[in-house]
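This report concerns only the one structure given below.
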Amino acid sequence: MLNPDFFSHSVIGMTLRGRVVDELGKPIAWARVGPGPPHDPEQKVYTLPSIPFQRNTYTDASGLFTLNDVNEQSTHIWVNHPETGLVNQEVIPANDVIDIQVERLRLYSISGVVSLTGVPLERLTVRTVARFTEAESRTKMSRTDAHGTYRLEGLEPGEYSISVGVRERIKINDRMVTSHRTIQYRTLVIEDRDVMLNFEPLGDARITGVATYNGQPISDVDIRTWLLADDSEDFIFPGSTKTDQEGRFEVRDLPSERIAIRFLKIDRSASNRNLWSKTDTIDLTGKKELRYLAELNVVDPRDFLMR
C-alpha cells in the first residue's frame, strides 16, 4: 500500500510529491515540473507539454515539488530548467518522495577581442545562434567594451554561428531607420572547453566598383562576401556594405583568396517589390585591390526565395 504522503486521492486526480536533483544528488531549485505524455523521439520538443497551468509547478530551494490532480495513469514527468534543458522521465511509484535525477548541462563560453579597422567599438554587438535544434537557448548576445572585449556564457556543446554587427542609421524611402549590419560572420563548434575567438581583419585586399542596372548606377544595394574555403564547416563571412548614391562600393580587409560576392536590392516602395540581384566569384589570389563592375539583373522575388 502506497504512503498517503506520496499519493493522495482527490475528486479530480492524485497528488504527487517529488524532488529534482542533479547527477551528484544536489537539489535543483526553481525547475518547472509538469506531468505529460512520454517523449516522442520523432518530435522535437522545446517547451513543456500544453497542459493546464495549475498542473505545472516549480521546485523550491530544496528541489521539492508537489503536483496536484495528476492522472493515475500519467507517470511521465517533464522537468525544465536553464541548467538541465527539457527532460522527460517515467515515474515509478515509491513509498516516499520520488527523486527525479537529471543531468546538468555542460556549459561553456566564447570570448575574445574585436579589432576590426574602422569599426566603432561602442556600437558593436556579438551574437551567437545555435545551429542544433535541441539547444536550450537559440540566441545569445554580448556587447564589446571600450577595449573591444566580449564574452558569451552559458553555451552548450554544439555548432554555432557567431557574428559581429553594428547598428547604423540609414535612409529608406526618405525615412531614417535603424539597421543592423553584419561586419564579420563565422561558424564554430564548442566541444568540451571554453573557446577563444578574436575578430580581426582577414587580410588587406579590397574590392571597389560600381553596381548598375541598364548602365545606370543603383544606390543602397546590399553587398555580402564570403570565403570559398575547402572546409565547408569553417564558414567565414568577412562582412557587408552598401552602395552609395552613385552606386559605388568598397569591401575592405579581405584575404587574397577566392571570394564569393552577392549584390541584392529590394525596392519595397514598389507594389510588386522589384528585386535586383547578382552573385559572382572573384579570385583575389596574389592581388591587393580589384576593380569590379556589377551589372545587376531583375529577379522575380518568388524565384529568389526558392533558391
Side-chain angles (χ1 to χ4, degrees), residues 5-6 15-51 53-68 70 74-112 126-143 149-162 186-197 233:
D5 288 338
F6 173 67
T15 297
L16 168 64
R17 296 178 62 236
R19 177 173 51 230
V20 179
V21 297
D22 64 12
E23 61 271 30
L24 299 177
K26 296 181 179 179
I28 297 180
W30 321 127
R32 189 181 178 194
V33 182
H39 173 61
D40 183 355
E42 300 297 325
Q43 183 179 1
K44 299 297 183 183
V45 181
Y46 305 110
T47 60
L48 285 172
S50 178
I51 53 181
F53 177 79
Q54 64 269 24
R55 294 177 63 197
N56 285 263
T57 189
Y58 288 86
T59 59
D60 63 16
S62 301
L64 293 168
F65 69 88
T66 300
L67 287 172
N68 297 314
V70 176
S74 298
T75 56
H76 281 265
I77 299 298
W78 292 83
V79 178
N80 194 21
H81 190 274
E83 296 182 8
T84 67
L86 187 61
V87 180
N88 173 276
Q89 285 194 16
E90 183 177 5
V91 173
I92 300 175
N95 292 327
D96 202 349
V97 174
I98 286 183
D99 274 355
I100 298 181
Q101 188 178 85
V102 296
E103 183 177 350
R104 292 185 188 267
L105 296 172
R106 296 174 296 144
L107 302 177
Y108 302 100
S109 67
I110 303 175
S111 60
V126 182
R127 186 192 312 268
T128 59
V129 178
R131 298 167 66 92
F132 51 101
T133 55
E134 62 272 22
E136 175 67 17
S137 177
R138 299 288 295 167
T139 303
K140 287 186 178 292
M141 185 178 69
S142 173
R143 294 191 183 278
T149 302
Y150 75 92
R151 185 177 182 85
L152 294 150
E153 298 182 324
L155 299 168
E156 305 164 57
E159 184 178 7
Y160 291 84
S161 61
I162 180 169
R186 295 170 178 247
T187 58
L188 57 82
V189 175
I190 297 178
E191 295 180 345
D192 57 358
R193 65 195 65 187
D194 297 334
V195 176
M196 176 73 73
L197 177 65
E233 294 184 356

Please check if the side chain of [X] supplies one atom and the backbone of [Y] the other of a donor-acceptor pair under 3.5 Å.
X    : Y    : value
R186 : I162 : no
D99  : Q101 : no
N80  : R32  : no
T59  : W30  : yes
S142 : R151 : yes
H81  : R104 : no

Grab the two heavy atoms, one from [X] and one from [Y], that are nearest each other, plus how far apart they are.
X    : Y    : result
V33  : L67  : O-CD2, 3.8 Å
P157 : Y108 : CG-CE1, 3.8 Å
Q89  : V102 : NE2-CG1, 4.0 Å

Is the shortest heavy-atom distance from the side chain of T139 to the side chain of R127 under 4.5 Å? yes

Could you tell me whether the side chain of I110 reaches within less than 4.5 Å of the side chain of Y150, counting heavy atoms only? yes

Considering residues at least two apart in sequence or located in another chain, which fulfil the salt bridge (Lys or Arg N to Asp or Glu O under 4.0 Å) criterion with R131? E159

Taking salt bridge (Lys or Arg N to Asp or Glu O under 4.0 Å) as the test, write out the residues that go with R143, two or more places apart. none

More than 12 heavy atoms from other groups under 6.0 Å of CD on E191: no

